[in-house]
Enquirer: 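So that we are looking at the same thing, I have put the structure below in structure tokens.
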There are 2 protein chains.
Amino acid sequence: MSGKPVQKRTNDDGVDGHSAAVDDRSVAARLFAILDAFAAPAGATSLTLTLTAIAQRAGLPLSTTHRLVAEWVSWGGLSKHENGQYSLGMKLWEVGVQTPTARNLRTIALPYLEDLYETTREHVHLAILDGRDALYLEKLSGHHAVRLISRVGARLPLHSTGVGLVLLAYAPTDVVQEYLATSLQRFLPRTVTEPEAVRKRLAEIRLLGIARMSEEMTAGSSSLAAPIRDRTGQVVAAVSVVTRTTDTVDPEQEQAVRLAAQGVSRALGYRRAQQ
Amino acid sequence: MSGKPVQKRTNDDGVDGHSAAVDDRSVAARLFAILDAFAAPAGATSLTLTLTAIAQRAGLPLSTTHRLVAEWVSWGGLSKHENGQYSLGMKLWEVGVQTPTARNLRTIALPYLEDLYETTREHVHLAILDGRDALYLEKLSGHHAVRLISRVGARLPLHSTGVGLVLLAYAPTDVVQEYLATSLQRFLPRTVTEPEAVRKRLAEIRLLGIARMSEEMTAGSSSLAAPIRDRTGQVVAAVSVVTRTTDTVDPEQEQAVRLAAQGVSRALGYRRAQQ
DNA sequence: CCCAGTACTTCCACTGGACGGAAGCGCATG
DNA sequence: CATGCGCTTCCGTCCAGTGGAAGTACTGGG
């Protein structure tokens, strides 16, 4: 009875052995943690989660999770299914697709990507540089294209993908510096992970205006990627075509990727610098 | 000095003349209101907003808005530009595209939509029924297609669009009942707004398995739309082709739309019910 | 049939984080 | 130099959010 009985929230850590590490996240941060719980597991598509699973992943007490999830549901950011599982809601999609960068680029680029798809009949990718990753904004594939891990919204490494290498090639030097400072994952025997070797490739890409990758991320697939520039001449995105690996590079395909990238660049207001 | 000096938040409305109508929204609701501020203005793409504009649209005090917007920015849901304007952030896009309904349908349908685009060279739409609207999940257009208001993420009325009418035709009767109970907007002289006339059209669509619209939403454009069914036989989406209005209906185009819809349905696991 | 286990929902007393008015700051404009 | 506008920061107040605990609803094993 004497003294503070439980001492919640404010924990003067040190007084009693098991300092409960108070959660000082704001309400907003907790709400976001709930959303992150759905995105979290990289490749695996954990489309639906139970309340308990959300609570665990977000690191929140069950009752708090219950209340906050209810808020998300009432807005439409999450939706509750008959079986009691939750998934991301349509409202989130609706708001998400309004995001300017993605929407504008996609809208402008799509017709050119379609043309590229039509002439090549292979996977066509559109990606931008976001942090240390290539973020896939769009992906077109036919019925029978090679199986790939990429998908819209995916993040893949810069050094092992065609679009990634292009984006890195035209990125500010400090970004390149920082990226190469960390150890790069080797996915397949042919993945180039040695910093100096990567630098050499980047220089080559800048020279040729195209990146050629083969068997560096997914076995059996190769890619060709080219840079997309905006009005200011800055590289803002990259297009690529991913094909089943063959012995020779198809020069027509290379030309098609170049044309698509140039088409989008022109549509973005880029005029080839004279020199 | 006597009595309560200001009486914030809790306001016993009625005591003093100007009852300030307390804002009893939760933190979550306020955060959502901020996002809604960006989506709000229907057609107009209010891509970026100033802090003050957000505060106004969300109906929040400036200082509160300032704090909450900062939370969004730190998570990545909003991003702040050099000029001080805010826009929806990439994180929101990233989370949004993970939404199961949209992602699954899109992924499966896209190859068929591409085929349809290729054979027709016209706008191709994929939409689902959401509330009282047709929600556009995907849109493919060539370089020179007719100018339209539809776009990915857009909501358009059910009675004046091809996809909308198809979705309505196969919707539960109570949805139809409720939809037709309200007065339908006439966009062009040819828009059918009379409930009984609409019902007749819906019956016709169910009979033919295709909807034909002409000059009912956008001047100069017509559309052909067909239903997409899932494994259970339920209509879950609709595809359409929108063309410049011509005198006659192209039977090949009609066939192409039907084929695309059937292709997607089959890919979703639908097997034609034997009579 | 009962009881234990698991998962979700509701309740409610406590309190610290959210609130927002106000003051401060930075910048353009007259 | 004054004025106004929009953004940022500050800080005392107080109630919304919190989360432990109890309640409910299934499920499945003995």
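Here is the naming used below: chain letters follow the sequence lines, and residue numbers restart at 1 for every chain.
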Enquirer: Expected output check: what is the dot-bracket annotation of DNA chain C, where ( ) and [ ] are pairs inside the strand (brackets for crossing ones), | is paired with another strand, and pairs are Watson-Crick or G-U under 3.5 Å?
Expert: ||||||||||||||||||||||||||||||

Enquirer: So, OP1 or OP2 of D:dG19: does either fall under 4.0 Å of a side-chain N or O from A:R30?
Expert: yes

Enquirer: Do the side-chain N and O atoms of A:T182 and A:R132 include a donor-acceptor pair separated by under 3.5 angstrom?
Expert: yes

Enquirer: Take the protein atom CG of A:L60 and the nucleotide atom P of D:dG17, then report the distance between them rounded to whole Å.
Expert: 15 Å

Enquirer: Taking only Lys NZ, Arg NE, NH1 and NH2, and the carboxylate oxygens of Asp or Glu, determine whether A:D36 and A:R30 approach each other closer than 4.0 Å.
Expert: no

Enquirer: Of the nucleotides D:dT18, C:dT10, C:dG20, which one has an atom closest to the side chain of A:H66?
Expert: C:dT10

Enquirer: Salt bridge (Lys or Arg N to Asp or Glu O under 4.0 Å) with B:R106: which residues, sequence neighbours excluded?
Expert: A:E138, B:E138

Enquirer: Under the rule for salt bridge (Lys or Arg N to Asp or Glu O under 4.0 Å), what residues qualify as partners of A:E71, not counting sequence neighbours?
Expert: none

Enquirer: With sequence neighbours excluded, tell me which residues meet side chain to side chain contact (heavy atoms under 4.5 Å, CB included) with A:R231.
Expert: none

Enquirer: Restricting to side-chain hydrogen bond (donor to acceptor under 3.5 Å, both in side chains), what partner residues turn up for B:E178, sequence neighbours left out?
Expert: none

Enquirer: Of all of residues 69-84 of chain A, which get a heavy atom below 4.0 angstrom from DNA chain D, listed by number?
Expert: none

Enquirer: Just to verify, what does A:Q85 make a side chain to side chain contact (heavy atoms under 4.5 Å, CB included) with, not counting sequence neighbours?
Expert: A:T48, A:T50, A:N83

Enquirer: With 3.5 Å as the limit, what N/O pairs link the protein to nucleotides 22-26 of chain C?
Expert:
none

Enquirer: With the side chain of A:L68 defined as its heavy atoms from C-beta on, choose the nearest nucleotide among C:dT9, C:dC19, D:dT18.
Expert: D:dT18

Enquirer: What residues form a side chain to side chain contact (heavy atoms under 4.5 Å, CB included) with A:D230, not counting sequence neighbours?
Expert: A:T232, A:Q234, A:V236

Enquirer: Closer than 4.0 Å, any side-chain N/O of B:R67 to the OP1 or OP2 of C:dC19?
Expert: yes

Enquirer: Among the nucleotides D:dG17, D:dT8, C:dG20, which one has an atom lying closest to any side-chain atom of B:V27?
Expert: D:dG17

Enquirer: Whole Å only: how far is the CG atom of B:L31 from the C1' atom of D:dA16?
Expert: 14 Å

Enquirer: Sequence neighbours excluded, which residues qualify as side-chain hydrogen bond (donor to acceptor under 3.5 Å, both in side chains) partners of B:Y170?
Expert: none

Enquirer: A:A70: which residues meet the side chain to side chain contact (heavy atoms under 4.5 Å, CB included) condition with it, sequence neighbours left out?
Expert: none

Enquirer: Residues in ring-ring contact (aromatic ring centres under 6.0 Å, His included) with A:F32, at least two apart?
Expert: B:W72, B:W75

Enquirer: Can you identify which nucleotide, out of C:dC19, D:dT18, C:dT9, has its nearest atom closest to the A:Y86 side chain?
Expert: C:dT9

Enquirer: Examine D:dT18: is either OP1 or OP2 under 4.0 Å from a nitrogen or oxygen in the side chain of A:T64? Give yes or no.
Expert: no

